[in-house]
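Note that this is a predicted model, so its numbers are computed, not measured. What's counted below: heavy atoms across the whole structure, side chains too, no hydrogens, waters or symmetry copies.
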Amino acid sequence: MAEKFIFTPTKIDQLKDSYDVIIIGSGGAGLTSAIQAYELGLSPVILEKMDKLGGNTTRASSGMNAAETFVQLNHKIVDSFQDFYDETFIGGGKQNNPELLKFFTEHGALAIDWLAQHGIELDDLTITGGMKTMRTHRPSSLAPIGGYLVTELLKLVDKYQIPLFDNIKVDQLLMKNDRIVGVKASADKKIEIHAKAVILATGGFGAGKDLLAKYRKDLTSLKTTNQPGATGDGIKLAQNIGAKLVDMDQVQVHPTVQQDTPHAFLIGEAVRGEGAILVNNEGRRFVNELDTRKNVTQAIDDLGGTGAYLILDTSIRQRVKAIEFYDHVGLVESGKNLTELAEKTNLNPENLQATVEKWNKAVEANKDSEFNRSTGMERTISQGPFFAIHIAPAVHYTMGGVAINHNTQVLNTDNQVIKGLFAAGEVVGGLHGNNRIGGNSIAETVVFGRQAGQQVFKYLN
């Protein structure tokens, strides 16, 4: 077995007072932008406020969306940028920023290639809700995408010796003559670091009760899938120097989160993408499981607060490695047959049996006359043992954030570029409209992380 890679953050006494670019945040967007900037000859530094690296990216499980990739062709899937654009636009309630969406959908394939050039192979495919085509790329080991991506990117940061400091919080962006000149930060003491460019890669505010209370008071009682550091710091830093914010009231609630334990666990969309169904407390289906997250969440809410159960079999479990982890931490009920599973979950056994039989016939006929599901129907639920995971909606993703153009330059309230300030990832608002499609957040971190690194290079030269 390969030796487990452990990344050691840079010691604080090695922090210099000046760099070409300061990157705030160590998730997918921050790491990607740092690597891209370094490869263009710049000297970047990454500052992470938490003691754990990777941000929310480490919690992503499904994959990375991209169209017109070689991987898709290898799987005999012919896709198009336009279809990717249209499905994301419709999925986002047609409220997505068209400029950002066009750049995003046309640069996903390049991002997949860029990762592959760095030995980060996403050569398997699955599908997520709101998509009609298999374009969610993931490693062939079927490992959850987030942890895999962060580990592999950290290996590159390590190889290039890019300084990455943890437990250091940026308190203020410094401006002089209307342009960025550095940051003020706190570690064990107050620090000032100078740079002509800053990239905000601080993530969203799904764990930030103050911003949720301000923009979506109705969601403050829900649990969150976010890591504790996702408190909207970058949004506040940017707003304090006049940045424009967009779509701040657009917060995504993820429909399938196991929250019977103190810690909420997101059950990734790939579980449904590989063939799982959702049933209510009576053991009956009630929704197209691969409709948009917004619609599936609403259908679960309409059940009256009971949550719902994901039902799957061994063949589906083998296609989603994350289920091994869910089982390991005690989130999965199992039964050698559906009757035993129904007993363990207090579902009506006759209904559950009838539901699964009806579903299997729909899969075999490739027609779901009940809820018009048309994707994630590659396999029946027929190979024991069988499994159930109790789920309910939780706060997952914030579509709102700072306004940028497709060059990742942050805009002020007059829609003018704030010179030297760039942003990528969930800190940015506008790309997803009113509903983010599964697989688009990881894609966003790599596509716009690369773009930020490239545009900083252009700005400094």
Side-chain angles (χ1 to χ4, degrees), residues 3-15 22-35 44-62 120 143-159 161-171 183 185-188 191 199-209 211 223-237 254 257-259 261-266 268 322 325-326 328-329 331 394-398 424-427 441-442 444-446 449:
E3 203 174 309
K4 191 167 166 30
F5 170 75
I6 296 169
F7 180 87
T8 308
T10 317
K11 291 194 164 47
I12 195 71
D13 60 8
Q14 292 178 42
L15 182 68
I22 297 165
I23 293 141
I24 311 173
S26 69
L31 298 175
T32 301
S33 62
I35 291 160
V45 63
I46 305 166
L47 307 179
E48 169 58 60
K49 72 170 182 179
M50 305 299 285
D51 56 6
K52 189 171 183 294
L53 305 179
N56 266 356
T57 304
T58 58
R59 299 195 170 195
S61 59
S62 294
I120 306 171
I145 183 77
Y148 171 74
L149 187 64
V150 167
T151 299
E152 295 304 312
L153 291 173
L154 282 173
K155 284 179 185 174
L156 289 165
V157 168
D158 189 53
K159 176 184 161 187
Q161 297 185 315
I162 297 170
L164 191 169
F165 298 90
D166 62 354
N167 293 304
I168 179 165
K169 185 174 185 298
V170 175
D171 304 313
V183 302
S186 312
D188 45 6
I191 306 160
I199 298 172
L200 297 173
T202 49
F205 58 95
K209 290 287 186 190
L211 287 176
K223 287 190 179 181
T224 182
T225 64
N226 289 242
Q227 55 92 18
T231 52
D233 295 11
I235 292 168
K236 295 172 188 171
L237 288 170
H254 196 290
V257 179
Q258 215 294 354
Q259 43 195 293
T261 54
H263 177 80
F265 289 92
L266 171 73
F325 168 73
Y326 304 148
H328 177 69
V329 293
L331 311 180
V395 170
H396 180 50
Y397 192 91
T398 49
E426 196 179 346
V427 69
S441 66
I442 289 290
E444 177 184 19
T445 66
V446 184

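- Taking all atoms of both residues into account, the shortest heavy-atom contact from Ser26 to Leu164 is CB-CD1, 4.4 Å.
- Here the closest non-hydrogen pair linking Ile168 and Ala185 is CG1-CB, 4.0 Å.
- Of the inter-residue distances, the one linking Ile46 atom CD1 with Ile35 atom CD1 reads 7.0 Å to the nearest 0.5 angstrom.
- Taking both residues in full, the closest heavy atoms of Ala424 and Ala29 are given as O-CB, 3.6 Å, listed atom of the first, atom of the second, then distance.
- The CG atom of Leu31 sits 12.0 Å away from atom CD of Glu152, with the distance rounded to the nearest 0.5 Å.
- Here the closest non-hydrogen pair linking Arg59 and Pro228 is NH2-CD, 4.3 Å.
- Separation of atoms OG (Ser61) and CD1 (Ile145) is listed at 10.0 Å; rounding is to 0.5 Å.
- Looking only at side-chain heavy atoms (C-beta outward), Ile24 and Leu237 come within less than 4.5 Å of each other.
- Contact of the Leu153 side chain with the Ile120 side chain is registered, since non-hydrogen atoms from C-beta on lie closer than 4.5 Å.
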Report all side-chain donor-acceptor pairs from residues 50-57 shorter than 3.5 Å, counting only partners two or more places apart or in another chain.
residue: Asn56; atom: OD1; partner: Gln227; partner atom: N; Å: 2.9
residue: Asn56; atom: ND2; partner: Asn226; partner atom: OD1; Å: 2.6
residue: Thr57; atom: OG1; partner: Gly28; partner atom: N; Å: 2.8

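- The CZ atom of Phe265 sits 12.0 Å away from atom CD of Gln259, with the distance rounded to the nearest 0.5 Å.
- Residue His328 places its NE2 atom among 12 or fewer non-hydrogen atoms of other residues, nucleotides or ligands, all under 6.0 Å distant.
- With rounding to the nearest 0.5 angstrom, the CD atom of Gln161 is 13.0 Å from the CG atom of Leu156.
- In this structure, Phe7 and Phe5 have tilted ring planes: the angle between them lies in the 30° to 60° band.
- Residues Val446 and Leu149 have side chains in contact (heavy-atom distance under 4.5 Å, counting atoms from C-beta outward).
- Between the side chain of Thr202 and the backbone N or O of Asp233 there is no donor-acceptor pair closer than 3.5 Å.
- Although no hydrogens or angles enter the test, the distance criterion places a donor-acceptor pair under 3.5 Å between the side chain of Thr445 and the main chain of Ile442.
- Ser62 places no side-chain N or O within 3.5 Å of a backbone atom of Gly268 that could act as its donor or acceptor partner.
- A pairwise comparison of heavy atoms in Pro44 and Ile23 identifies CB-CD1, 3.8 Å as the closest pair.
- Thr58 places no side-chain N or O within donor-acceptor distance of the main-chain N or O of Gly146, the cut-off being under 3.5 Å.
- Taking OG1 of Thr398 as the reference point, atom CG of Leu211 lies at 9.0 Å (rounded to 0.5 Å).
- The minimum heavy-atom distance between Tyr397 and Ser441, with the atom names listed, is CE1-CB, 3.7 Å.
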